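Below is one structure; the comments refer to it alone.
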Amino acid sequence: MTTDVNNTPSENLEGKKDFIREIIDAHNASGRFGGQVYTRFPPEPNGYLHIGHAKSISLNFGLADEYGGQTNLRFDDTNPTKEEQEYIDSIIKDVRWLGFDWEELRYASDYFEQLYQWAVKLIEQGVAYVDDLSADEIREHRGTLTEPGRESPYRNRSIEENLDLFTRMRAGEFKNGAKVLRAKIDMASPNVNLRDPVLYRILHAEHPRTGNAWCIYPMYDWAHGQSDSIEGITHSICTLEFEDHRPLYDWFIDQLGIHHPQQIEFGRLNVTYTVMSKRKLLRLVQEKHVRGWDDPRMPTLSAARRRGVPPKALRDFATVTGVSKTNGMVDMQMLEYYIRQELNKTVPRVMGVLRPLKVVLTNYPEDLVEEFEAQINPENPAEGTRKVPFSRVLYIEQDDFMETPPPKFYRLSPGREVRLRAAYFIKCEEVIKDADGNIVELRCTYDPTTRGGDAQDGRKVKATMHWVSAAHAVEAEVRLYDYLLTIPNPADMDENKDFLDYINPKSEEVIERAFIEPSIKGAEIGKQVQFERLGYFAVDSDSTPDKLVFNRTVTLKDEWTKLQKTAGAG
RNA sequence: UGAGGGAUAGUUCAAUGGUAGAACAGUGGACUCUGGAUCCAUUAAUCUUGGUUCGAAUCCAGGUCCCUCAGCCA
């Protein structure tokens, strides 16, 4: 049922059980569900899945897998005014991409008829009634957190009248908001969810799946538990904010006398420097602060895929952050660690120069072109080598040269010798500047005896740098991504500011003309590589046959940048 | 001020009456044809006050702080 989920860190967490697994063990010990574990992932199709969902998905599918059970994907599509087919499609795609496959694909809307019949049953049992109060009046009657509510004047209608009215609600006799069906529980309950919750509202709206078959739609509380029950779910895992709903979840199921799943709540996963609420993500998209749901800066799964994040990194991240009853804020660097870990093992190396500085090797023959063998992945030599052409005119990274090098700068500077990866040692002899004093070219010499990068005399060099042959380089656009926000926790912003005020202006930087070694030619959309010394990159969907576009998935860890930052701060 | 939850290194999790540990982050070092990777070392925590106990992060009592709930959203 699950696929491609081996070798997750959970293997290293053996013996450590979180509270959910302990509950399941207890159920298995008592025989409550006959040893069965059947879970479900129940998104509402009103937006794209994000990293927080990845945790819920991994948990639900992972649990079932561990206990030899099954998991359904179920769309909680009970509110047609907010839901769209586009979201259904993207969710299906994202769950698959994450590496999971479901036992059954279901929709809450599959159960509309059954839910309706059960509502009728509740009316017949005298525990549900049609209320004519307006939304405002209902709110007013509900009381407050500290004061009990008051009963609706329509609360004690006869069963016959309720049945008649409910039938006519379904038949479309009433306008939106004219009536609702409510459960008759306790208007004085200290838990406001039990103060006669609404079961059905009238919504003359077209549903993505049921079209115009219905004009009354069940509320979450009425639909969710019963849907779980129908599917034979044993453990209904949801987030903390539903704790107060559990008594209601249990109440409905007990009234109906049907299979009773156990609702279990766990803490949401938040990550620093981004936002995770659907409302905020929707604003980012609608107000065009990003280019779409899959803009690589977004925390959505489709954005992660586009940016080049391997699904295994997300799964490992979900596993290692654990499950508890605290709503935590995990450091984005934790996620980045798992992204790097996975990509380092699996992705080929390539040399690419983002900000080119021309280097002319004055003692290298004009027309000579050599080809060097460079390892595809030093982590896995079995992958072999690739050929990289070398010639008299090269590009190196501007950052790799300093005319007056500060302490601890190991790279190229006048008179200093460095290694060009897999090629030769070169030495900087002369710096060429334009009229404004900008460095435009370096004149260097190479040492032919260091061919392949090894010095015969055993002399050492402090830096090995990436490079690209000017005549052979492939031009590409490269998009560098940084954190979406300038502050780790959006909750820490000034009260009179909006989270949009904290969008990182450098969250995206576009380099129009970068130079990549020719082996990159023909790379397909989605192809992941490491640009040596720079980071991991993936070919973006904006690429065309004529022009490659790369997204930086994540940088490499970088001691030098860190040194500069700490020096700048001090 | 009603109800329901929560509080352990900077962060996320362990420890379930018996030596407070891991991962990420940080720091120092080794190694290196990626200032990458890897390896080694290291800094760093039980919200608070009492109580029970030979022994408390864990049990009990009081306090403090944080989160969620008053949609015809989910």
Side-chain angles (χ1 to χ4, degrees), chain A residues 9 12-13 15-18 22 42-44 46 76 78-79 81-83 131 133-135 138-140 142-149 176-182 189-195 198-203 217 219-221 223-224 238-247 265 267 269 272 278 317 320-338 340-341 344-345 349 351 374-375 378-379 408-411 419-423 425 452-455 461-466 488 530-535 555-563:
Chain A
N12 306 326
L13 301 173
K16 294 182 180 178
K17 295 223 173 178
D18 52 68
E22 284 179 355
E44 183 190 14
N46 66 344
D76 230 329
T78 56
N79 185 351
T81 65
K82 292 192 174 174
E83 296 152 7
D131 197 345
L133 255 27
S134 70
I138 286 180
R139 184 184 319 120
E140 198 185 306
R142 186 155 28 228
T144 69
L145 295 176
T146 52
E147 297 161 321
N176 287 1
K179 291 180 172 16
V180 292
L181 183 75
R182 302 178 72 179
S189 172
N191 180 347
V192 290
N193 293 117
L194 263 19
R195 319 241 264 230
V198 173
L199 269 49
Y200 277 94
R201 75 283 218 191
I202 300 171
L203 246 33
Y217 289 93
M219 297 289 289
Y220 164 86
D221 285 306
H224 201 96
C238 60
T239 44
L240 250 27
E241 65 268 29
F242 292 104
E243 279 178 321
D244 293 341
H245 292 244
R246 184 164 12 101
E265 313 85 11
L269 172 70
T272 55
K278 273 190 186 166
F317 180 64
V320 84
T321 51
V323 17
S324 70
K325 301 200 74 157
T326 50
N327 278 320
M329 173 72 73
V330 184
D331 200 327
M332 180 68 92
Q333 290 183 92
M334 180 94 85
L335 209 208
E336 291 182 345
Y337 171 83
Y338 288 98
R340 290 191 189 103
Q341 180 178 270
N344 179 45
K345 286 186 297 197
R349 313 288 130 118
M351 289 195 285
Q375 278 190 300
E379 297 294 312
K408 304 234 175 121
F409 182 85
Y410 302 149
R411 285 110 94 145
R419 171 168 36 231
L420 294 183
R421 176 132 238 225
F425 284 14
D454 289 310
V461 99
K462 281 210 132 182
T464 299
M465 299 175 3
H466 62 280
Q530 183 195 99
F531 288 171
E532 291 205 65
R533 302 208 302 138
L534 296 177
T555 62
L556 254 29
K557 278 174 70 180
D558 183 352
E559 286 291 325
W560 172 240
T561 312
K562 199 161 71 184
L563 268 174

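None of these values were measured; they are calculated from a predicted model. All chains are named by letter (A, B, ...) in the order of the sequence lines, taking the proteins before the strands, and each is independently numbered beginning at 1.
Residues that satisfy the side-chain hydrogen bond (donor to acceptor under 3.5 Å, both in side chains) test with A/Arg182, not counting sequence neighbours, are A/Asp131. Take A/Arg246 and apply the salt bridge (Lys or Arg N to Asp or Glu O under 4.0 Å) test, not counting sequence neighbours, and it matches A/Glu265. Residues that satisfy the side-chain hydrogen bond (donor to acceptor under 3.5 Å, both in side chains) test with A/Thr326, not counting sequence neighbours, are A/Ser324. Residues satisfying the side-chain hydrogen bond (donor to acceptor under 3.5 Å, both in side chains) criterion with A/Lys325, sequence neighbours excluded, are A/Glu243. For the salt bridge (Lys or Arg N to Asp or Glu O under 4.0 Å) test, no residue two or more places apart in sequence or in another chain qualifies with A/Arg349. With sequence neighbours excluded, the residues satisfying salt bridge (Lys or Arg N to Asp or Glu O under 4.0 Å) with A/Arg421 are A/Glu532. With sequence neighbours left out, the side-chain hydrogen bond (donor to acceptor under 3.5 Å, both in side chains) criterion links A/Glu44 to A/Asn46. Under the ring pair (Phe, Tyr, Trp, His ring centres under 6.0 Å) criterion, A/Phe242 pairs with A/Tyr220, A/His245, not counting sequence neighbours.
Counting non-hydrogen atoms under 4.0 angstrom, A/Gln333 reaches the backbone sugars and phosphates but no base. Within 4.0 Å (heavy atoms only), A/Val323 reaches sugar-phosphate atoms of the nucleic acid but no base atom. No engagement by A/Phe531 is indicated, since no non-hydrogen atom pair under 4.0 Å with the nucleic acid exists. Looking at heavy-atom distances under 4.0 Å, A/Glu336 makes no contact with the nucleic acid at all.
Each of A/Met465 and A/Ser324 lies near RNA chain B, and the nucleotide nearest A/Ser324 is the one positioned closer to the 5' end.
Counting atom types as modelled, A/Arg246 pairs no side-chain N or O with a base atom of B/G4 as donor and acceptor under 3.5 Å. Below the 3.5 angstrom threshold, one finds no donor paired with an acceptor across the side chain of A/Glu379 and the base of B/U38.
Rounded to whole Å, the C1' atom of B/A9 lies 28 Å from the corresponding atom of B/G51. Nucleotides B/U52 and B/C66 are separated by 32 Å at their P atoms, to the nearest Å. On the P atoms, B/G2 is 31 Å away from B/A14, given to the nearest whole Å. Straight-line distance between the C1' atoms of B/C54 and B/C47: roughly 27 Å, to the nearest whole Å. Between B/A44 and B/C67, the two P atoms lie 30 Å apart (nearest whole Å). Of the P atoms belonging to B/A15 and B/C59, the separation is 12 Å, rounded to the nearest Å. Look at the C1' atom in both B/G35 and B/A74: the space between them is 49 Å, to the nearest Å. Look at the C1' atom in both B/U68 and B/G62: the space between them is 25 Å, to the nearest Å.
Between A/Leu534 atom CG and B/U34 atom P the separation is 14 Å, expressed in whole Å. Between the CZ atom of A/Arg340 and the C1' atom of B/G35 there is a distance of 14 Å, given to the nearest Å. Rounded to an integer number of Å, the gap from CD of A/Glu265 to P of B/G6 is 10 Å. Separating the CG atom of A/Leu335 from the C1' atom of B/A23 is a distance of 14 Å, rounded to the nearest angstrom. In this entry the distance linking CZ of A/Phe317 with C1' of B/A25 reads 13 Å, nearest Å.
Minimum interatomic distance between A/Arg195 and A/Gly143 (heavy atoms only, all atoms of both residues): NH2-C, 3.9 Å. Heavy atoms only, all atoms of each residue included: A/Asn191 and A/Asp244 are closest at ND2-O, 2.9 Å.
In this pair, A/Tyr410 lays its aromatic ring flat on the base of B/G35, centres within 5.5 Å and planes under 30 degrees apart.
The side-chain heavy atoms of A/Lys179 and A/Tyr200, taken from C-beta on, include no pair separated by under 4.5 Å. Taking the side chain as every heavy atom from C-beta outward, A/Leu269 and A/Val330 approach each other to under 4.5 Å. Counting heavy atoms from C-beta outward, A/Gln530 and A/Leu556 have side chains that approach closer than 4.5 Å.
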Sequence-aligned protein contact record of nucleotides 65-74 of chain B, with B where the base is within under 4.0 Å of a protein heavy atom and S where only the sugar-phosphate is: --SBBBSBSB
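Put simply, OG1 on A/Thr464 and CZ on A/Arg533 are 8.0 Å apart, with the number rounded to the nearest 0.5 Å.
Other residues, nucleotides and ligands contribute more than 12 heavy atoms inside 6.0 Å of the NZ atom of A/Lys345.
When distances run from any side-chain atom of A/Tyr338 to the nucleotides B/G36, B/G2, B/A23, the shortest one goes to B/A23. Here the nucleotide nearest the side chain of A/Thr326, chosen from B/U34, B/G35, B/A7, is B/A7.
In this model, the phosphate group of B/C13 is not approached by any side-chain N or O of A/Thr321 to a distance below 4.0 Å at OP1 or OP2.
With no hydrogens or angles considered, a side-chain donor-acceptor pair links A/Gln341 and A/Tyr337 at under 3.5 Å.
Glycosidic conformation of B/G26: anti, with the torsion beyond 90° of 0.
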Given Watson-Crick or G-U pairs with both distances under 3.5 Å, what dot-bracket string fits RNA chain B, with | for other-strand pairs and [ ] for crossing? .((((((..((((....[..)))).(((((.......)))))....(((((..]....))))))))))).....
Detail all sub-3.5 Å separations between protein N/O atoms and N/O atoms belonging to nucleotides 39-42 of chain B.
none

Could you list all N or O pairs between the protein and nucleotides 27-32 of chain B that sit under 3.5 Å apart?
from, atom 1, to, atom 2, distance (Å)
B/U27, OP2, A/Lys562, NZ, 3.4

